Each structure stands twice: as structure tokens, then as C-alpha cells.
Amino acid sequence: ELTVAKAATDVDLPVKLKISSLHPTGLAEKAEALANKQRSGKILISRDRSESGLMIRQLEAYGFVVRAEKLIETQAVPFESLGEADWYFFVSRNAVKHFLAQASIPKHAQVAAVGAGTAQSLLELGYQPDFVGNDTQIAQVAHDFKVLASGKKIVFPVGDRSRRTVQLALEAHAAVQELQVYETKLLDKAFQEAFDAIVFSSPSTAEAYFKHNSIGPNTLCIAMGATTLAYLNEKGITNPVPALGFDESALAMTLFSNL
């Protein structure tokens with residue numbers, strides 16, 4: 001496996017590309033060819049432009065046409081406290097946002113997060129996570145957290161479309177309670193143009209897209225997270241590609257490594 005960096009010009013931010021092979025011979029030459037490959041096309045990112053400004057600038061510097069469109073909206077749901085708990089487990093930034101808008105985490109409770117973005121949201125609101133799991137490896141997150149939380153009471157602030165991956169893995173080992181703190185609304189967006197690549201940030205954004213749109217046989221579908229990848233597979237999408245991470249640099253690297 002080899003990672004290389006390439007900048008469109010001397011003043012542009014470099015983009016990383018990753019290439020892997022079972023046969024290392026010639027890997028450097030392949031990486032150089034991939035880095036110097038001429039690229040063009042249209043890319044759809046299923047979240048607001050303000051959340052992806054750096055990545056969009058990198059892509060546009062190489063001549064890509066990038067459209068960033070929010071395909072879902074979240075709305076707060078009023079809730080009542082579930083009482084004392086040993087852990088509060090947040091699986092998304094939306095869960096953090098909507099829970100802490102209405103409540104606080106008890107001082108004695110420990111805090112868990114899936115993904116660097118969720119952890120950062122907690123830090124910005126004054127909470128240091130005690131556990132942060134890799135958002136591209138949810139099964140491993142559940143396995144690692146089970147060691148810490150066996151026999152404990154865990155509260156999961158969630159939305160109405162939670163896939164419950166971590167909760168299901170823990171139910172036999174801990175007292176799991178879910179607290180719905182927001183609901184997700186799918187937006188009606190019909191796109192007239194065809195895209196060469198689409199970045200789906202969640203199963204809900206994929207569901208919203210396919211309500212009114214389809215993809216071509218060669219469209220590259222990038223899945224952010226294991227649950228999004230599973231949803232695309234369930235939809236029969238051919239060879240969806242898991243994002244290398246949720247941050248802008250990792251998403252740009254995923255696109256450049258596959259386009």
C-alpha cells in the first residue's frame with residue numbers, strides 16, 4: 001500500500017491518493033500514473049457546501065464540477081431524562097447537537113462517540129469523550145466498547161432512523177436504553193444532471209437521493225460509514241466504495257484514488 005500527495009499547482013493544497021496491491025513491484029510507478037492522471041467530471045456531495053469547503057476547493061482545482069446539496073434535515077424531538085446512566089453513547093453529530101440542546105450529561109457519567117466529527121462536536125460543547133470509535137469500523141467499535149461497558153447502563157441519544165448497529169451488539173452485555181432526540185426529514189431533490197461520483201454521508205441521504213434519482217452504470221458511489229455501505233449494498237448498487245474516513249482529507253483521497 002502506498003500513499004502519495006499531489007497538488008494541482010504550487011499554491012493549491014495537495015490531495016492524497018492511496019493505492020494498494022498484493023504485488024509491490026511497480027507500485028511506485030502506478031502511484032505516479034494515478035497522481036498524474038487527467039481528471040474531470042461532476043461530483044455530488046450529499047451535505048451542505050459549508051461542511052465540505054476545503055474538499056470542494058481541492059476537487060475544483062483539478063477541474064471537477066462539484067455540487068454540494070443537503071438531502072436531509074433534522075428536527076429536535078422533545079424528550080425526558082432516562083435517569084442515571086454510566087455511559088452516554090453518541091453515534092453522530094446530530095445526536096450530540098439535539099441532545100445537548102435540551103439536556104446535559106451528568107458529571108459522573110462517561111461519554112463515548114463514534115467518529116472524530118462526533119468527538120469534536122462534544123469537545124466544542126465542553127465534553128471530553130472517554131471513548132472514540134472509528135466510524136468506518138462499527139463492528140469493531142461495538143467489540144471494543146463492550147469490554148469497557150459490560151454490565152453498565154448505556155444511554156444512546158438517537159434519531160428516528162438509527163440503524164442500531166452498536167446497540168444490538170451490546171444488548172446482551174449491558175443495559176442499553178435509547179433516547180430519541182431528533183427526527184430526520186428526507187428532502188425532495190430531483191437532479192437534472194448525471195454525476196460521475198456521489199458521496200453519500202448516511203443511509204438517509206442515500207434514501208433521499210434514490211426517491212427521485214437514479215445512477216448510471218459507471219457512477220462511483222462513496223459510502224461514509226459501514227451503515228451507509230450496507231444500505232447501498234441492499235439497494236443493489238454495484239461495488240460501492242467505503243470512504244477512507246469522514247474528514248474532508250479522507251473523502252478527497254477516496255475520490256481521487258477511485259476516479
Side-chain angles (χ1 to χ4, degrees), residues 45-54 68 70-138 141-142 144-146 148-149 152-171 174-187 200-205 208 224-228 243 245-248 250-251:
I45 300 170
S46 63
R47 57 186 186 184
D48 193 79
R49 192 178 184 91
S50 63
E51 298 180 75
S52 305
L54 173 61
K70 186 168 63 171
L71 299 182
I72 61 172
E73 288 182 347
T74 60
Q75 297 175 334
V77 171
F79 60 84
E80 295 183 4
S81 172
L82 293 177
E84 296 296 315
D86 300 294
W87 284 89
Y88 280 76
F89 197 117
F90 296 89
V91 298
S92 70
R93 289 179 293 181
N94 282 323
V96 174
K97 170 186 172 183
H98 291 293
F99 176 82
L100 291 177
Q102 300 183 59
S104 59
I105 300 172
K107 289 183 178 181
H108 73 276
Q110 292 183 281
V111 183
V114 173
T118 305
Q120 183 61 36
S121 294
L122 285 163
L123 285 170
E124 290 171 357
L125 292 170
Y127 294 94
Q128 173 70 54
D130 300 285
F131 173 90
V132 180
N134 187 332
D135 44 22
T136 65
Q137 299 177 343
I138 296 297
V141 170
D144 294 343
F145 187 69
K146 182 172 62 179
L148 294 175
K152 306 291 186 179
K153 178 180 176 181
I154 312 165
V155 172
F156 283 81
V158 296
D160 59 327
R161 291 173 170 267
S162 170
R163 303 279 284 192
R164 305 193 70 247
T165 306
V166 179
Q167 296 94 304
L168 288 171
L170 293 173
E171 282 179 342
V176 173
Q177 290 190 289
E178 292 185 351
L179 180 65
Q180 185 183 341
V181 298
Y182 71 94
E183 59 185 12
T184 302
K185 177 184 177 183
L186 306 186
L187 301 180
F200 292 109
S201 60
S202 68
S204 296
T205 60
M224 293 175 61
T227 56
T228 307
F246 277 29
D247 62 272
E248 293 184 67
L251 289 173

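Computed from a predicted structure; not experimentally measured. Just so it is clear, the values below take in all heavy atoms, side chains as well, and ignore hydrogens, waters and symmetry mates.
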Quiz item: Side chains of D48 and S50: donor-acceptor distance under 3.5 Å anywhere?
Solution: yes
Practice problem: Please determine, by modelled atom types, if K153 and Q177 share a side-chain donor-acceptor pair under 3.5 angstrom. | Solution: yes
Heavy atoms, side chains only, cut-off 4.5 Å: are [X] and [Y] in contact?
X: L100; Y: L122; answer: yes
X: V96; Y: T118; answer: yes
X: Q110; Y: F131; answer: no
X: I138; Y: R163; answer: no
X: P129; Y: L123; answer: yes

Restricting to non-hydrogen atoms, name the atom on [X] and the atom on [Y] that form the minimum distance, rounded to 0.1 Å.
X: S46; Y: L71; result: CB-CD1, 3.7 Å
X: H98; Y: T74; result: NE2-OG1, 3.0 Å
X: M224; Y: S201; result: SD-CA, 3.5 Å
X: S104; Y: Y127; result: CB-OH, 3.5 Å
X: R47; Y: L251; result: NH2-CD1, 3.2 Å

Check for a donor-acceptor pair, side chain of [X] on one end and backbone N or O of [Y] on the other, with a separation under 3.5 Å.
X: T205; Y: F200; value: no
X: D86; Y: I154; value: no
X: E248; Y: L54; value: yes

Quiz prompt | Interatomic spacing from CD in Q102 to CD in E80 - rounded to 0.5 Å | solution = 11.0 Å
Self-check item: Value rounded to 0.5 Å, distance of CZ in F156 from OH in Y88
Solution: 12.5 Å
Exercise. Could you please spell out the steps behind the side chain to side chain contact (heavy atoms under 4.5 Å, CB included) verdict for R164 and E178?
Key: CA-CA 9 Å; R164 305 193 70 247; E178 292 185 351; 2.5 Å; yes
Quiz item: Excluding sequence neighbours, so at least two apart, what forms salt bridge (Lys or Arg N to Asp or Glu O under 4.0 Å) with E51?
Solution: R93
Self-check item: With E73 via salt bridge (Lys or Arg N to Asp or Glu O under 4.0 Å) - residues at least two apart
Solution: none
Exercise. Begin from the C-alpha positions of S204 and L186 and carry the test side chain to side chain contact (heavy atoms under 4.5 Å, CB included) through to its verdict.
Key: CA-CA 7 Å; S204 296; L186 306 186; 4.1 Å; yes
Practice problem: In sequence, state the C-alpha distance, the side-chain angles, and the governing distance for F89 and F145, and then conclude on ring-ring contact (aromatic ring centres under 6.0 Å, His included). | Solution: CA-CA 10 Å; F89 197 117; F145 187 69; 4.8 Å; yes
